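Note: hydrogens, waters and symmetry copies are ignored here, and every other heavy atom, side chains too, is used. Reminder, nothing fancy here: chain letters follow the sequence lines and each chain counts from 1. As the structure is a prediction and not an experimental result, all values here were calculated from the model.
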There are 2 protein chains.
Amino acid sequence: MESNSPKDTLVRSQETESLVKRLAGPSSGKAGLAKDQTEINRIISDASKGSKFYENEKKKDKEVTVRIEKILKYKEEAFKNLDVAKVEASMDHLIEQLEEQRDLTQLIVHVDMDAFFANVELLDNPSLAGKTFAVVGKGVLTTASYEARKFGVRSGMAAFIAKKLCPHLILVENRHWRYSEISDQIMGIFHRYDPDMCPAGCDEGYLNITAYCEEHAMTAEECVREIRETVFRETKLTVSAGIAPNKNKPNGQYQLDFDAKAIKAFTHDLPIRKVPGIGRVSERLLEAIGIKASTCGDIYTQRAVISIMDKQFGLVYLLRTYLGISSNTVQAHTREERKSIGAERTFSTLHKLDDILAKLDEVAAELEKDMQEDGWVGRTITLKYKLDTYRVFTRAKSVDHWVSKKEELYAVRQMIHSSHLTNINILLDWQRPAPP
Amino acid sequence: MESNSPKDTLVRSQETESLVKRLAGPSSGKAGLAKDQTEINRIISDASKGSKFYENEKKKDKEVTVRIEKILKYKEEAFKNLDVAKVEASMDHLIEQLEEQRDLTQLIVHVDMDAFFANVELLDNPSLAGKTFAVVGKGVLTTASYEARKFGVRSGMAAFIAKKLCPHLILVENRHWRYSEISDQIMGIFHRYDPDMCPAGCDEGYLNITAYCEEHAMTAEECVREIRETVFRETKLTVSAGIAPNKNKPNGQYQLDFDAKAIKAFTHDLPIRKVPGIGRVSERLLEAIGIKASTCGDIYTQRAVISIMDKQFGLVYLLRTYLGISSNTVQAHTREERKSIGAERTFSTLHKLDDILAKLDEVAAELEKDMQEDGWVGRTITLKYKLDTYRVFTRAKSVDHWVSKKEELYAVRQMIHSSHLTNINILLDWQRPAPP
DNA sequence: CCCGGTGAG
DNA sequence: TCCCCTCACCGGG
DNA sequence: ATGTCCGCA
DNA sequence: AGCGTGCGGACAT
Ligand SMILES: Nc1ncnc2c1ncn2[C@H]1C[C@H](O)[C@@H](COP(=O)(O)OP(=O)(O)OP(=O)(O)O)O1
Ligand SMILES: Nc1ncnc2c1ncn2[C@H]1C[C@H](O)[C@@H](COP(=O)(O)OP(=O)(O)OP(=O)(O)O)O1
Ligand SMILES: [Mg+2]
Ligand SMILES: [Mg+2]
Ligand SMILES: [Mg+2]
Ligand SMILES: [Mg+2]
């Protein structure tokens, strides 16, 4: 590896850049509060360097790079014998069809509590006001106060990394039962505005307020303001609202004009990374195929490439994003029923099979308990385990009867064929639709 | 089974009816030449009764009946909480979209030789003129002269059954090499009219004659007449043409008006069984869900049911059929590349493993030869074998390298776990698209 | 991927 | 003498 | 069906 | 010292 040709240097520097960005964590790129992202990334990178975690991230990053090269090669090849104009015309036709499905008659709003866990902690401990603090569980931050976020501290970040970024950071332990209480409370409020509301996580939901606005002769803006005031009055917590993803957090709301033009103008300059479903990997992939400015506007420009890589990128999904048409379910409804249940535990590396099996037993016991509480059963058992290299294996087995007992879960031990384990996960589901 | 309630009697009689119809063979219902189908069916049924073949057909028939019951139950249930009007409106919208894809600018014609193998035999042996004769291979008819067809004799029928229907039937042995010669000859002729023509079997093809008609200032009708005359002049064999399936065989052509109205009027009264892709099973299933008159017109009537059973019936496919829009590939082109190759042999029941393995070896040898001739290799080997009950088993194994040698094919012997074999088949393919 | 089923010629 | 043989495609697991 | 990867809270 | 837990979904095989 002594080559120093310009091309080689460029490639390596690119890889380093993407790796550094990757190390910033999956939720990086969502909020844009931090001043100097480059400096932050450097601190994170330095703090990680040398660890097995770092090595694994490097490997993953490399894999994405290789994947990009393959995609580019395929694109090159495919474009040789391809009538681009024809494909684009075909896409335009598809776009027209999707456009037809646009429904501007429904008032859909997305509401999401501000720094949820953190503000709940603040509520119960006012001395935290104005402080840089974060909520932590198992060594990882679940969220951070807005003061802390200015230092680059984010959800999903290892606590010790956050400390490097923000030495005075106060760490508060998770209190899930408390968040559940408040969550129930706010969901109750949301329900008043839309009985069919669709919860999307413990602190947010999609509401169809068309009927409510009609009945109360309100504009959507007035209605959302009322929702936010109600939440604040009853919980003393702030909530933001708007079309997803929220434009102006915290404690704000954003009203987009209800016409196709305005919506498309909005998405045109929206970085794809903000789109739900586009994470750090998809962002790199899309950038590679020509979404240079990383905005949704480029989805249209690159519709030909996307169309020949439908499976990889999700043609219709991206076009909908470009058009600003969310799912075709006008009703944000969709009553959720659980589709899987699982339990997972991480521990310091275990080598002896007996120790591993003991851990497995603990996880199985915990899962059995959760299943009993939920009254849930399954027929496909999946064992997932992680080595100290962070490499992950999954082994699954479907059976012809319903499983609910610890003993049956524990049977997956037959599928462990490695040592150096650091994590065990048991998951149950029933594949496909619903059981009779 | 002593119940004689009206319902029970009805059910049993229906089953018998469907079974009798089934026994008439898969290609029954295509040609409507025979006078008294009921009498024919009775003869076939009587000749089959008691055999293992018959028992198997009965079992299959029963399975379809059960399948129908399940479908009807599901339909019943689904329709309870279903806004039929809404679903139909949605279907109408889909139909509009499909209608948009209708392309009346291309002149596509389907040409198909009359009683191909039989007429080739007649050509080489004029003494067969006017006789009731059929071409036979391995005890099964490949085709029959039109004179013989009047007796109910059909392709795919066992020779000994055909003899019962038509005692004076003359049987002529298959001479494949000869049909190949003629096939090449006629394909050559078709090519003159469309270099991109799509062969669809040894005696037929789809031709896009748009360009030819344009260049020679001909109508489609004139062009097709010329094609047929050319074929007759150069081969002394007759060919029919028209939209598939051919309307007036033999030696005819059918011209459908090139407007949506006429096409839909045509399909409206077309029995679904004539539609390529709808066989004896699909016909029964569709009839069960309400395609009562068994015509494509009912596809529209029953669009709601079909839409909720998309997977079972192929919603878009059926709607396209109703609209008379064939595949969206305006170009009948699609250069074919082989996707699998296999060899199969039927024999009198073998019990001893050694005997079975000897047969397997023969089949493997034959396949290897065919593969060598074709220069074809594969990576997924499928073994299929049939018991004397006609029950079929399939066992497949993919490997990470290209297989072409007899020895590797013969390795599938590990997957035989039965006795009483009457048939062995080895097949090779490579799953999905193309290898590099 | 693996298996069974349907259909065509 | 007692129901073939080759190939393609689909849907479920 | 099994196995891997991606994304979100 | 050092990077978790629980879920849904898409895709390849
Ligand atoms: N990576 C994570 N791991 C565990 N819990 C998380 C993670 N991300 C978020 N959470 C939890 C804690 C959050 O307070 C809660 C709601 O998430 P989210 O709405 O995305 O952020 P937030 O409410 O903390 O801040 P924001 O003001 O940006 O909405 O879910
Ligand atoms: N079931 C079968 N098994 C073996 N060969 C068959 C079978 N069906 C058809 N063939 C062979 C023999 C036919 O002459 C040839 C062309 O088939 P096809 O066009 O359907 O019938 P045909 O040409 O004999 O009569 P038609 O006049 O109805 O077209 O393919
Ligand atoms: Mg939030
Ligand atoms: Mg949230
Ligand atoms: Mg023919
Ligand atoms: Mg034919």
Side-chain angles (χ1 to χ4, degrees), chain A residues 25-27 47-48 51-54 56-57 60 63 116 137-140 142-143 155-161 200-204 276-282 311-312 314 336 338-346 370 380 382 384 390 392-398 423 425 427 431-432, chain B residues 25-27 47-48 50-54 56-57 60 63 116 136-143 155-161 200-204 276-282 311-312 314 338-346 348 380 382 390 392-398 423 425 427 429 431-432:
Chain A
S27 62
S48 307
S51 69
K52 288 188 172 149
F53 179 86
Y54 179 87
N56 183 247
E57 291 298 294
K60 289 291 187 65
E63 282 166 10
F116 185 50
K138 311 264 181 187
V140 167
T142 51
T143 195
S155 295
M157 182 174 279
F160 81 96
I161 300 268
C202 66
D203 84 324
E204 66 194 285
I278 307 291
R280 41 186 183 169
V281 172
S282 301
K311 286 293 169 59
Q312 329 263 330
E336 310 283 356
R338 179 193 277 286
K339 285 170 186 162
S340 74
I341 191 169
E344 168 184 5
R345 213 56 50 187
T346 295
D370 290 351
T380 301
T382 300
K384 182 163 31 154
Y390 289 90
V392 173
F393 296 83
T394 59
R395 295 292 173 252
K397 184 77 188 136
S398 297
N423 174 293
N425 182 337
L427 184 134
Q431 231 85 274
R432 306 290 171 184
Chain B
S27 63
S48 308
S51 69
K52 288 187 172 148
F53 179 86
Y54 179 87
N56 182 248
E57 292 297 294
K60 289 291 187 66
E63 283 167 9
F116 185 50
V136 67
K138 310 269 180 186
V140 166
L141 307 192
T142 51
T143 196
S155 295
M157 182 174 278
F160 80 95
I161 300 269
C202 66
D203 83 325
E204 66 193 284
I278 307 290
R280 43 186 181 171
V281 173
S282 300
K311 287 293 168 58
Q312 331 264 332
R338 180 194 278 284
K339 286 171 185 162
S340 74
I341 191 169
E344 170 183 5
R345 212 56 51 187
T346 295
S348 50
T380 300
T382 300
Y390 289 90
V392 174
F393 295 83
T394 310
R395 297 292 172 251
K397 183 82 188 128
S398 296
N423 174 294
N425 182 338
L427 184 135
D429 63 17
Q431 232 90 274
R432 306 294 170 185

(Q) Holding to salt bridge (Lys or Arg N to Asp or Glu O under 4.0 Å), I want the full list of residues that pass it with A/Lys52, two or more places apart in sequence or in another chain. (A) A/Asp388
Q) Who are the salt bridge (Lys or Arg N to Asp or Glu O under 4.0 Å) partners of B/Glu344, not counting sequence neighbours? A) none
Q) B/Phe393 near the nucleic acid: base, sugar-phosphate alone, or nothing, with a heavy-atom cut-off under 4.0 Å? A) sugar-phosphate
Q.
Taking the C1' atom in each of F/dA12 and C/dC2, what is the distance between them to the nearest angstrom?
A. 14 Å
Q. Are the side chains of A/Val392 and A/Lys384 in touch, meaning some heavy atoms are under 4.5 Å apart?
A. yes
Q) 5'-most contact on DNA chain C: B/Lys397 or B/Ala200, nearest heavy atom basis? A) B/Lys397
Q: Scan nucleotides 3-13 of chain F nucleotide by nucleotide, 5' to 3', and note B when protein non-hydrogen atoms come under 4.0 Å of the base, S if they reach only the sugar-phosphate, - if neither.
A: BBSSSSS-S-B
Q | Euclidean distance, atom CD of residue A/Gln431 to atom P of C/dC2 [Å, nearest integer] | A | 18 Å
Q. What are the two closest non-hydrogen atoms of A/Thr346 and A/Asn423, and how far apart are they?
A. OG1-ND2, 2.8 Å
(Q) Measuring from the side chain of A/Arg280 (C-beta onward, heavy atoms only), which nucleotide among E/dT2, C/dC2, E/dG7 has the closest atom? (A) E/dG7
Q) Donor-acceptor pair, B/Thr380 side chain versus B/Lys397 backbone, under 3.5 Å? A) no
Q) Given side chains that start at C-beta, do those of A/Gln431 and A/Ser398 come closer than 4.5 Å, heavy atoms only? A) yes
Q: Please state how far atom CG in A/Asn56 lies from atom C1' in E/dT4, giving the value in whole angstrom units.
A: 14 Å
Q) OP1 or OP2 of C/dG7 less than 4.0 angstrom from a side-chain nitrogen or oxygen of B/Ser282, does that happen here? A) yes
Q | Below 4.0 Å: OP1/OP2 of E/dG3 and any side-chain N or O of A/Arg395 | A | yes
Q | First of B/Glu204 and B/Glu63 reached from the 5' end of DNA chain C, by closest nucleotide | A | B/Glu63
